[in-house]
Amino acid sequence: MTNIDKLAEIFPQCITESADGDGNLICAIDFELLRQILSDNLIDGRETYVFDFVGKKRATSEAYKPIRKTLRPIIDRSRDFNATKNLYIEGDNLDALKILQESYLHKVKLIYTDPPYNTGGDFIYRNDFTRAVDGNRILNRESRGRFHSDWCAMIYSRLLIAKHFLRDDGVIFISIDDHEQANLKKICDEVFGEKNFVANIVWKRKPYGNNMGFIPPVHDFILVYCKDITQLKPFALAQSEEYLKGKYSNPDNDPRGDWTTMSLTASHKGPHFAITNPNTGEKFFPPRGRYWVFNEAEVLRRIADGRIIFGKSGTSSPVQKVFAAERNLTNKPNTWFDKQGYNGDGTNELMEIFGQKIFISPKPTSLIEYILKFATDADSIVMDFFSGSATTAHAVMELNVQDGGKRQFIMIQLPESTPENSEARRAGYNTICDIGEERIRRAGDKIKIDNPELDTGFRVFKVNTSNFIEPPEVWKPEILLDFVENIKPDRNALDLLFGYLLETGATLDDTLTVETVDGHEVLNYGGKILACFEKNLPEEFFRTLANRTPAKILFRDASFASSAVKINAFAYFRYVAPDTEVKVL
């Protein structure tokens, strides 16, 4: 046993993490704290409440560092590309979040995400600031599993960006287990603000467990935070059938449905007057030290409406009727989820879809559906930036079937390789993205049978380098001709269109049609943007497009055969379509 191990047994609070000369995490001793514990007198020094970890400053810097990357559409992996509003992004989610940030700033109602748990054997996303081994991740085995800083740095930078996606009434649900729950809570308090904490939900992930005679670990947590607690509407959560049956009934056949009674008084100071029973004339005052919850005008309105009653004898103190259908609109979700499905249910769902076990412990669709029901609107945008097997996308589509909603999903997933010799690899699924995308296709095909109008498609994009050739740091005469063309030779028209949309902060979910105009391919995005990126276009073609007076039109520099053609084209646009914005990439 090392000296550090011996100290850890006696003074565990003095064991911390630090970085060695090579930047590797090592166990270390907080000697200041140790001296404080061993001293009879208080050591001088100012105390502050702070949550810190190795790499925090660099994680913060990385979150706000500009990125020179884009998203390239992948048509053959997409479904109904031209019409769907759903997105699936392949790539590191830190890059993807940065790229999407301007386009979906303050537009997402709900983020559900299930980050990798730091259990000592899971893959942990890695970034430049945490010494990446292969550019994306490293296997976090037992030798590193005892460290928390890598995991904290990973999630911290992503949450800093994710916060900006949320609407003012937006909310984020993050699944986590015991290993990092405490750290995640502190990170979320810092990123979202303690006042915007909503709940720490305990979710029962399996019906039973065994833990060597101790308390079995059968639960995980779901931390819930909102963008602005003053803007968050009460969750519309339906009560359980057992609760409704025991608390609500309808003895007078009220057309508004089952009801129960609630007191008309409260202890906080309020109105104090006599309420008169209109049938008997008897007057009632609130008990000593209590007050009515409504003013006199509201009480009279509710008596006339039958919402305030006086009991069968007419001599009982007035009470208010509370209807089950209306009470549900103000109920908050319980912080214990024990009937929303288990991980085993998620596994069975995938087995039903794929016919074999190709993913370990996915979240059940029922859990995500349950959250979506009370935390989203019918037209919400839902994001998951640790998409995994795409349970969230599946749940969005299923809920849209149930309530006729038009929720959109944005899934982000690193194309992490499936294990060698796994069932997934043998079935031809080489990456997690292969599994997630195929799940959406198969689930969508099943849904489409009875719901042909439902959007079950998705546009696949892949994080990639910029569409434009990087200029050299030092210009030399002999290389000038190499930069006549500013666009990389492997980029196509769709690459350029969507790259431009991202640069200008436009969303990626509008309709797309491909037209042939005077023999040339023209992309029509949402009926507002026309784009043609062919080279050496004739002057007549520019005139044809100008006569359509689009809101915006895009070309590449090589679209103009000469400077004269370019000057004439712009002049014609100014004359025929002065309100059209002409952009040359």
Side-chain angles (χ1 to χ4, degrees), residues 58-75 77 87 89-105 125-137 157-158 160-161 164 385 412-415 433 459-508 521 523 525 529 531-537 552-563 566 581-585:
R58 298 184 71 181
T60 304
S61 175
E62 182 67 20
Y64 297 112
K65 185 186 297 182
I67 188 171
R68 288 281 298 172
K69 292 185 179 181
T70 190
L71 298 179
R72 298 185 65 186
I74 309 176
I75 303 299
R77 297 179 69 93
L87 307 181
I89 315 296
E90 295 185 3
D92 188 287
N93 51 19
L94 186 64
D95 292 338
L97 289 171
K98 288 184 179 183
I99 295 169
L100 290 170
Q101 185 173 196
E102 288 300 318
S103 296
Y104 290 89
L105 188 69
Y125 281 59
R126 303 298 302 275
N127 310 291
D128 292 338
F129 60 88
T130 51
R131 303 167 303 282
V133 172
D134 64 0
N136 290 310
R137 54 176 171 75
S157 57
R158 287 157 174 82
L160 284 174
I161 304 174
H164 301 301
F385 55 87
I412 305 174
Q413 176 60 43
L414 183 74
C433 292
R459 289 175 174 169
V460 177
F461 294 88
K462 189 169 186 176
V463 175
N464 212 304
T465 57
S466 169
N467 292 323
F468 300 97
I469 298 172
E470 293 286 343
E473 294 183 5
V474 179
W475 286 97
K476 297 180 180 179
E478 59 269 22
I479 65 171
L480 290 178
L481 292 177
D482 296 335
F483 292 89
V484 172
E485 175 60 73
N486 64 329
I487 295 172
K488 293 177 180 177
D490 64 335
R491 305 305 159 101
N492 59 37
L494 285 177
D495 293 330
L496 299 180
L497 171 62
F498 283 100
Y500 172 79
L501 295 173
L502 289 165
E503 289 177 4
T504 57
T507 59
L508 308 183
E521 182 181 272
L523 303 178
Y525 187 73
I529 300 176
C532 182
F533 300 111
E534 294 181 11
K535 297 181 179 181
N536 301 322
L537 294 168
K552 186 176 295 186
I553 190 161
L554 310 178
F555 302 106
R556 64 191 296 177
D557 196 53
S559 298
F560 306 94
S562 65
S563 296
K566 187 174 184 179
E581 180 184 348
V582 182
K583 176 69 176 178
V584 179
L585 305 185

With Phe461, which residues qualify under ring-ring contact (aromatic ring centres under 6.0 Å, His included), at least two apart? Phe498
Go through the steps to decide whether Lys98 and Ile161 satisfy the test side-chain contact (heavy atoms from CB on, under 4.5 Å), and finish with yes or no. CA-CA 7 Å; Lys98 288 184 179 183; Ile161 304 174; 3.6 Å; yes
Are Val460 and Pro73 packed together at the side-chain level, in the sense that at least one heavy-atom pair is separated by less than 4.5 angstrom? no
Taking the side chain as every heavy atom from C-beta outward, state whether Leu502 and Thr70 have any atom pair closer than 4.5 Å. yes
Could you grab the distance from atom CG of Leu160 to atom OG of Ser61, nearest 0.5 Å is fine? 11.0 Å
Under the side-chain hydrogen bond (donor to acceptor under 3.5 Å, both in side chains) rule, what do Lys488 and Thr465 come out as? Steps first, then yes or no, please. CA-CA 10 Å; Lys488 293 177 180 177; Thr465 57; 3.0 Å; yes
Are any of the side-chain heavy atoms of Leu508 and Leu71 separated by less than 4.5 Å? yes
With a 4.5 Å cut-off on side-chain heavy atoms, are Ile553 and Ile529 touching? no
In chain order, what residues pass the side chain to side chain contact (heavy atoms under 4.5 Å, CB included) check against Asn464, with sequence neighbours excluded? Arg72, Arg491
Close side-chain approach of Glu503 to Glu102, heavy-atom, < 4.5 Å: no
State which residues pass side-chain hydrogen bond (donor to acceptor under 3.5 Å, both in side chains) with Tyr500; sequence neighbours excluded, sorted by chain then number. Lys552
State, with a plain yes or no, whether a side-chain heavy atom of Leu100 is found less than 4.5 Å away from one of Ile412. yes
According to side-chain hydrogen bond (donor to acceptor under 3.5 Å, both in side chains), who are the partners of Lys69, at least two apart in sequence or on a separate chain? Asp95
Roughly how far apart are Gln101 CD and Ile99 CD1, rounded to 0.5 Å? 11.0 Å
Apply side-chain hydrogen bond (donor to acceptor under 3.5 Å, both in side chains) to Arg77 and list each qualifying residue two or more places apart in sequence or on a separate chain. Glu90, Asp434, Glu437
Please enumerate all residues that pass side-chain hydrogen bond (donor to acceptor under 3.5 Å, both in side chains) together with Lys566, with sequence neighbours excluded. Asp557
pair Arg158-Asp92: side-chain heavy atoms closer than 4.5 Å: yes
Contact check, side chains of Asn492 and Phe533, non-hydrogen atoms, under 4.5 Å: no
Contact summary for Leu537 and Cys532, nearest pair of heavy atoms: CD1-SG, 3.8 Å
May I have the step-by-step check of side-chain contact (heavy atoms from CB on, under 4.5 Å) for Asn536 and Phe560, ending in yes or no? CA-CA 5 Å; Asn536 301 322; Phe560 306 94; over 6 Å; no
Who pairs with Glu521 by side chain to side chain contact (heavy atoms under 4.5 Å, CB included), at least two apart in sequence or on another chain? Ala493, Val514, Leu523, Glu534
The criterion is side chain to side chain contact (heavy atoms under 4.5 Å, CB included); which residues satisfy it with Thr507, sequence neighbours excluded? Tyr104, Lys107, Asp509
Of all residues at least two apart in sequence or in a different chain, which pass the side chain to side chain contact (heavy atoms under 4.5 Å, CB included) check with Ile75? Phe81, Leu494
Which pair of heavy atoms, one from Pro415 and one from Cys433, lies closest together, and at what distance? CA-SG, 3.6 Å
Taking all non-hydrogen atoms of both residues, which atom of Ala63 and which atom of Ser157 are closest, and how far apart? CB-O, 3.6 Å
